[in-house]
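Before any comments, here is the structure.
Sequence lines set the chain letters: A, B, ... in the order given, protein chains first and strands last, and positions in each chain run from 1.
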Amino acid sequence: MLGLIVNPVAGIGGPAGLAGSDGADVQARASQRGGASRAAERALTALAVVASARPGIRVLTVAGPMGEDVVREAGLEPVLVAHPPVHTTGSDTSAAARALADAGASLVLFAGGDGTARDVAEGLASVGRVAPDEGGRVSRPVHGEGLDTLAGARYSTGGVAGGLDMTLRAYSTDGVAAIGIPAGVKMYSPVFAVSPRAAGGIAAAWLVDGSLPLIEREVLDVDEAALRRARVEPQLYGTLAVPYRPGRTQARKAATPADEFAAVRAAARGAASALRPGVRYLLGPGGTMSELARELGVSKTPLGVDVVLDGRRVLADASERELLDEAARGPAQAVVTVIGGQGFLLGRGNQQLSARVLGALGDDPLLVVAPEQKLIDLGGRPLLVDTGDADVDAALAGFVRVITGQRTTSIYPVHAPEHEGEGHAP
Amino acid sequence: MSLPVAPKPALRRFHQASWDEPIIFELSTPGERGVLVTGLEAGVRDAVGDVVGDLPAGLRRAVPPALPEMGQMRVLKHYLRLSQENLGADFNVDIGQGTCTMKYAPKVNDQLVGTPALTAMHPLQDPADAQGVLEIVWNTERMIAEISGMDEVSLHTQGGSAAIWSNIAMIRAYHEANGEGEQRREVITTIFSHPSNAAAAKAAGYDVITLYPDADGYPDLDALKRALSPRTAAIMVTNPEDTGIYNPAIKEWVDAAHGVGALASYDQANANGILGITRARDAGFDVCHFNLHKTFGTPHGCGGPGAGANGVSAALAPFLPGPRVVREGGADGSASSARFVVREPGEQSIGAVAPFFGVVPNIVRAYAWMMALGADGLRAVAEIAVLNNNYLLKKVLEIPGASAPYATGRRRIEQVRYSWQELFEETGVTSEEIGVRASDFGMHYWTSHHPYVVPQPFTLEPTESYSMAELDEYAAVLAEIAREAREDAETVRTAPHRQTVHHTHHDDLDDPERWAITWRAYQRKYFGIPADSTEAAA
């Protein structure tokens, strides 16, 4: 059966310029500024597609504005599994997700943003179908982009000075699928359909043939308070099993996971052949760096910085102090990839490569390695560096040569984060 | 009084013929023949002797060829049916294959090259008996030299990528001749230049550096300056780029390259909007190439026939590919004393990249096309192509969900790489699905080279050939499909509905173990019959 959760305050902070809608005080301020949620309207758009495919079906949902109202408006029959209070919070979303799963929902359709996705993942985790991973790490393989995303997430929870909670709360799902109806302000998580209509189409297809393939996708969220200070630090909170419809036409022309992997491997091979003897290479985190280590035949700490000299790993999971010591021993260069979709080279997920370390690496401190598609996916936005030291950032800004394959490189602009958001092109 | 005919709908109710025609390999019947050749009469045999026995052993078949065996009428029907299951350039408003310059190729030029005066000729025959054809080749070279501003031109190559290969091979030979072959190991290109430039440079052994557009969507001059060094062998760029954006700083690009001792190579496959307006040499380029089959009005599809033209400055002339047609004598200005000969490539030439001195039928078509237009006509071609493109740009941008990223709000030259990203985000319908649906309206449509830098791309190049009514019709089809994507996405997703072929099984085309473009390969791969035995069996 289909389950529906609407976060009735999702997106309320967007028009109000509040960079999100998390927390009661933000929601109150958003209301004062005339903010209104688009969640109900967007959920209705999605349900209209479901209703045209399966008229009058029953939908498991939550009383009132968290789902019931929309289900009725779409002409479908609500089956209520929870009765939340008038003013709902994230815990009501988690409880609703749990209740939907217990009532037998096979697909949870939720309207909201990243915060809602995070609550849904948490709720589904607690029913036992989704198990928190031991040790706070995601054990399930996360391919390609995911590794880099994970690397960023690990750092921002575990490495920020001031001793925040070191535990990464990560879940992996079995059984209940979920897909987001995009209705929030922040939607960094790849668990949302491209549009409400598309979400409805996938739900309808799920109900009609029940055999859509599932893909494990990350649930990311950013600290909204930091975001309001123009810092984007997505953290990984878990994963959801998301159904998708494979392309029906000319799929071979589109990039496939195999193509993506080949591109990462080509970039790694290009980097491997660019390494010189006698130079200490400080390999940062990320899937591309792991592939480079494989090319070199050395082990790699997936989320740490390892030091490689003449084809051997001489130091694993190095701290800033240890990296400074390594840099003092002879010529050295940091090797990094593009972290996630934001385009960060430094300052996200690899803060061991600090301003002090970079300063100790000399005039040519960085070797950047990434498949061409990662640059293309930036959509014209520049690469970013944020070492926390304005002088170091200024020295790194300008253009960087990115190794994209064997004997292929691209020259790409680099900005310091205060430039973030400025369109480069288009 | 009007005829009692129902008015035509705004959009064509196109429907392609569907014959369920097997492939010709499946139609073979052992023993069936198209022509039964009668035996030789005794008198003839006595008079000529054993003709086959006189052939060199290497030219004689040991076994008959493994061809399908069919009667004439079945062959005729087979190909006529296939011809109806086709969306050919002469049927549709063929502007959807942007970058390919699908213009009208005048039929009279086809008739010219179909005359026995040309079809009976052979590239190895005595030049004394081929002066007319050789003169056409030579004159075409001179016209291309005038159009590009270059000193020398070779028509030797047989297509665009072969011409691009020749460009980089000449550049490599030039640097080697100057003792800088080891030093200059890098070639710089842009992400929106045709990918054959990067591919050819890499195949020639160079490290390839790709540049991205600047904040205004133009090729980034600052990035170029950052990339240039004494290691640079050349810049290899397209202008206008595949986005249709013309680099207004192109002279500065060339000067910057020359400043570090590098050469500048100009991919002029996109020349249709600049004929008679700008010239490669005037911007300082050292090397350029044209695709005669695109800009110069000869019919072409994905498989050709193509014809390349390489133009160079005097310094690069010794390196041009060949053989080439050259004129001897005639220095007194009298055409009557000039003779045209085929000259083998010289010592410094990169040599032959194809047999003989060019694809003569296409060279004759291009010659006829240019002669019919004259210099003013060539410029008019460019002006109308640009006008058509910018008219279509305005029409397409009126369709909700369509956009033209990069250099937003500015005019383009001869083509535009558009984006359906907004429509995709709203409906989940992809550009590729829209392309398949377009064929239901009898229209061809193409997305982009890979990688897709513009998201959900489509590339339209209306050329000078199409009328305003045809451009309106094409735009109306796109608008209709965009409406369908919003209101009835399944119709678009499950397209085509009015085509012969439903969905192509790309796996069969991508897997070397499964593709079969010859009878022998088909027998071997699908029936496990070894190549030798199929020959013997046939």
Side-chain angles (χ1 to χ4, degrees), chain A residues 45 49 52-53 182 192-202 204-205 244-245 247-256 259 263 270 273-274 371-383 398-414 422-426, chain B residues 185-186 188 191 198 201-202 205-218 220 222-227 403-408 419 421 424-430 432-433 435-437 447 450-455 485-486 489-490 493-496 503-507 509-510:
Chain A
T45 304
V49 178
S52 72
F192 293 95
V194 294
S195 68
R197 200 180 290 272
I202 287 172
Y244 67 100
R245 286 199 288 195
R248 298 189 62 171
T249 54
Q250 298 193 358
R252 297 295 304 181
K253 284 238 159 189
T256 65
D259 292 337
S273 60
E372 192 85 62
Q373 193 64 43
K374 272 200 175 179
L375 301 179
I376 290 168
D377 287 346
L378 292 173
R381 286 177 289 115
L383 291 167
F399 290 97
V400 70
R401 189 181 284 219
V402 181
I403 297 175
T404 56
Q406 288 170 297
R407 304 200 341 263
T408 61
T409 56
S410 286
I411 303 277
Y412 203 87
V414 181
E422 283 180 11
H424 189 66
Chain B
R185 302 305 318 145
E186 294 176 352
I188 300 168
I191 192 76
K202 194 162 179 193
Y206 287 101
D207 295 352
V208 177
I209 301 171
T210 302
L211 307 183
Y212 280 73
D214 67 14
D216 295 323
Y218 292 106
D220 194 331
D222 290 335
L224 174 69
K225 289 174 177 170
R226 168 69 170 72
S403 64
Y406 296 92
T408 305
S419 175
Q421 180 67 15
F424 170 71
E425 288 175 5
E426 187 184 339
T427 65
V429 171
T430 67
E432 281 156 354
E433 289 167 335
V436 175
R437 178 63 176 152
T447 52
H450 282 255
Y452 282 1
V453 182
V454 168
R486 289 191 176 84
E490 274 310 291
R493 282 182 170 281
T494 53
H503 288 120
T504 307
H505 296 288
H506 284 265
D507 288 349
L509 306 174
D510 290 347

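- Between A/Glu372 and B/Ile191, some side-chain heavy-atom pair lies under the 4.5 Å cut-off.
- For B/Tyr218, no part lies under 4.5 angstrom from a heavy atom of chain A.
- Between B/Pro451 and A/Gln373, the shortest heavy-atom contact is CB-OE1, 4.0 Å.
- The main-chain N or O of B/Tyr206 is found under 3.5 Å from a side-chain atom of A/Arg407 such that the two form a donor-acceptor pair.
- In this structure, B/Arg486 CZ and A/Arg197 CZ are separated by 9.0 Å, a value rounded to the nearest 0.5 Å.
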Could you go step by step and tell me if A/Ile411 and B/Ile209 meet the side-chain contact (heavy atoms from CB on, under 4.5 Å) rule? CA-CA 7 Å; A/Ile411 303 277; B/Ile209 301 171; 3.4 Å; yes
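- The local environment of NZ in B/Lys225 is sparse, with at most 12 non-hydrogen atoms from other residues, nucleotides or ligands closer than 6.0 Å.
- Looking at B/Leu224, neither its backbone nor its side chain comes within 4.5 Å of chain A, counting heavy atoms on both sides.
- A/Arg401 and B/Ala227 get closest at one heavy-atom pair: NH2-O, 4.0 Å.
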